[in-house]
K.L.:
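Sharing a structure, written as structure tokens. Questions coming.
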Amino acid sequence: MTDLYASDVCALARALVGCVVRHGETAGVIVETEAYHESEPACHAYVGRTPRTLTLFGPPGLAYVYRSYGIHAMLNAVAEPDGIGAAALIRALEPIEGIELMRARRGRERIEDLCSGPGKLTQALGIELTHNGGDLRDGPVTISAGERRLEVVSSTRVGITRATELPWRFSVPGSRFVSRR
DNA sequence: CATGGGATTGACT
DNA sequence: GTCAATCCCATGC
């Protein structure tokens, strides 16, 4: 895992599928990710270093958490060597621990509704903007190797308006826990 | 200092 | 299918 973070952001995004995100009592297996790199305009780091994007340019293995649409927190794993702005967005999880707590935080019962989207999973795991800049190897939010080997397919990213042609979305085919529209 | 947009979600027609 | 919620911060005057 440690070496993976420093590698190419697409390789990291693909490798993260099947890994386990944990925060406190809650945890889930990653089933969907997307890669973002400073060289393409969909990435926040495209505009260069700003107060908001500082974490993206930091050392690999950090959590980059930002607020989207004024409402939702988004969890990313910073990739590539220190000084390069890139990160893998965690888009969906299969819930495995703390499911009752997730239900309470989400106000939903169906297990498919708990973590099937980037804004949903941060709410379910209780991840906030204060976790921005934290180390994913030390916590409080951690990512660790999973036990299962999952099939992974790539496709185009969703919810963006620029660089929409890049096949930088990675997901488990047929999983009922991926985000859907 | 004012403004506008966004890697989304859920409620509603 | 449409649309509002809501806030950080990048950008421009």
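Computed from heavy atoms alone, side chains included, the values below leave out hydrogens, waters and symmetry copies. Letters A, B, ... are given to chains in the order of the sequence lines, protein chains preceding strands, and every chain is numbered from 1.
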K.L.:
Hey, does A:Arg108 reach any base, or is it just sugar-phosphate, or nothing, if we go heavy atoms under 4.0 Å?
P.N.:
sugar-phosphate
K.L.:
Is A:Glu34 salt-bridged to A:Arg157, cutoff N-O under 4.0 Å?
P.N.:
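No.
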K.L.:
Judged by atom type as modelled, is there a donor-acceptor pair below 3.5 Å linking the side chain of A:Glu80 to the main-chain atoms of A:Val9?
P.N.:
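Side chain of A:Glu80 to backbone of A:Val9: a pair is present.
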K.L.:
Can you find an N or O donor on one side and an acceptor on the other, under 3.5 Å apart, linking the side chain of A:Tyr69 with the base of C:dA5?
P.N.:
no
K.L.:
Given B:dT8, C:dC8, B:dT9, which nucleotide is nearest the side-chain atoms of A:Met74?
P.N.:
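For the A:Met74 side chain, the nearest candidate turns out to be B:dT8.
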K.L.:
Look at A:Thr50 and C:dA10 and indicate whether a side-chain polar atom (N or O) is within less than 4.0 Å of OP1 or OP2.
P.N.:
yes
K.L.:
For A:Arg105 and B:dG10, give me the distance from atom CZ to atom P, rounded to whole Å.
P.N.:
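Atom-to-atom, A:Arg105 to B:dG10, this comes out as 16 Å.
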K.L.:
Please report the shortest heavy-atom distance between A:Arg180 and A:Arg176, naming the atom on each side.
P.N.:
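Residues A:Arg180 and A:Arg176, closest heavy atoms: NH1-O, 3.0 Å.
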K.L.:
Between A:Arg106 (side chain only) and A:Asp113 (backbone N and O only), is there a donor and an acceptor less than 3.5 Å apart?
P.N.:
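Yes: the side chain of A:Arg106 pairs with the backbone of A:Asp113.
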K.L.:
With a 4.0 Å limit, can you tell me whether A:Arg162 has a side-chain N or O closer than that to the phosphate oxygens OP1/OP2 of B:dG5?
P.N.:
no
K.L.:
In whole Å, what is the span from the OH atom of A:Tyr66 to the P atom of C:dC9?
P.N.:
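Atom-to-atom, A:Tyr66 to C:dC9, this comes out as 13 Å.
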K.L.:
Rounded to the Å, how far apart are A:His72 NE2 and B:dG5 P?
P.N.:
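Between P of B:dG5 and NE2 of A:His72: 19 Å.
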K.L.:
Given C:dC8, B:dA7, B:dT9, which nucleotide is nearest the side-chain atoms of A:Pro118?
P.N.:
B:dT9
K.L.:
Looking at A:Arg148 and A:Glu94, is there a salt bridge between them, counting it only when a charged N and a carboxylate O are closer than 4.0 Å?
P.N.:
yes
K.L.:
What is the distance, to the nearest angstrom, from the OH atom on A:Tyr46 to the P atom on B:dG6?
P.N.:
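My rounded result for the distance is 15 Å.
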K.L.:
For B:dA7, which nucleotide is its Watson-Crick or G-U wobble mate, given both distances must be under 3.5 Å?
P.N.:
none
K.L.:
Does the side-chain ring of A:Tyr36 sit on the six-membered ring of the B:dA7 base, less than 5.5 Å centre to centre and under 30° in tilt?
P.N.:
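Here the ring of A:Tyr36 and the base of B:dA7 are stacked, with centres under 5.5 Å and planes under 30°.
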K.L.:
Considering residues, nucleotides and ligands other than A:Glu165, do more than 12 of their heavy atoms fall under 6.0 Å from its CD?
P.N.:
yes
K.L.:
Just to be sure I understand the rule, does A:Arg157 reach a base, reach only the sugar-phosphate, or reach nothing, if contact means heavy atoms closer than 4.0 Å?
P.N.:
nothing
K.L.:
Assuming nearest nucleotide by heavy-atom distance, tell me which of A:Thr161 and A:Gly117 is located more 5' along DNA chain B.
P.N.:
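Closer to the 5' end of DNA chain B: A:Thr161.
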K.L.:
Between P on B:dG5 and NE2 on A:His44, what's the gap in Å once rounded to a whole number?
P.N.:
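My rounded result for the distance is 15 Å.
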K.L.:
From CD1 of A:Ile71 over to P of C:dC9, roughly how many Å is that when rounded to an integer?
P.N.:
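A:Ile71 atom CD1 is separated from C:dC9 atom P by 16 Å.
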K.L.:
Taking the P atom in each of B:dG4 and C:dA4, what is the distance between them to the nearest angstrom?
P.N.:
16 Å
K.L.:
To the nearest Å, give me how far apart CG (A:Leu89) and C1' (B:dT8) are.
P.N.:
11 Å
K.L.:
Measuring only the P atom in each nucleotide, how far is C:dT6 from B:dA2? A whole number of Å is fine.
P.N.:
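C:dT6 and B:dA2 have their P atoms separated by 22 Å.
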K.L.:
Look at all strands and tell whether A:Ile160 reaches a base, only sugar-phosphate, or nothing, counting heavy atoms closer than 4.0 Å.
P.N.:
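Touches sugar-phosphate only.
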K.L.:
For A:Arg52 and B:dG6, what is the distance between atoms CZ and P respectively, to the nearest whole Å?
P.N.:
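Interatomic distance, CZ of A:Arg52 to P of B:dG6: 11 Å.
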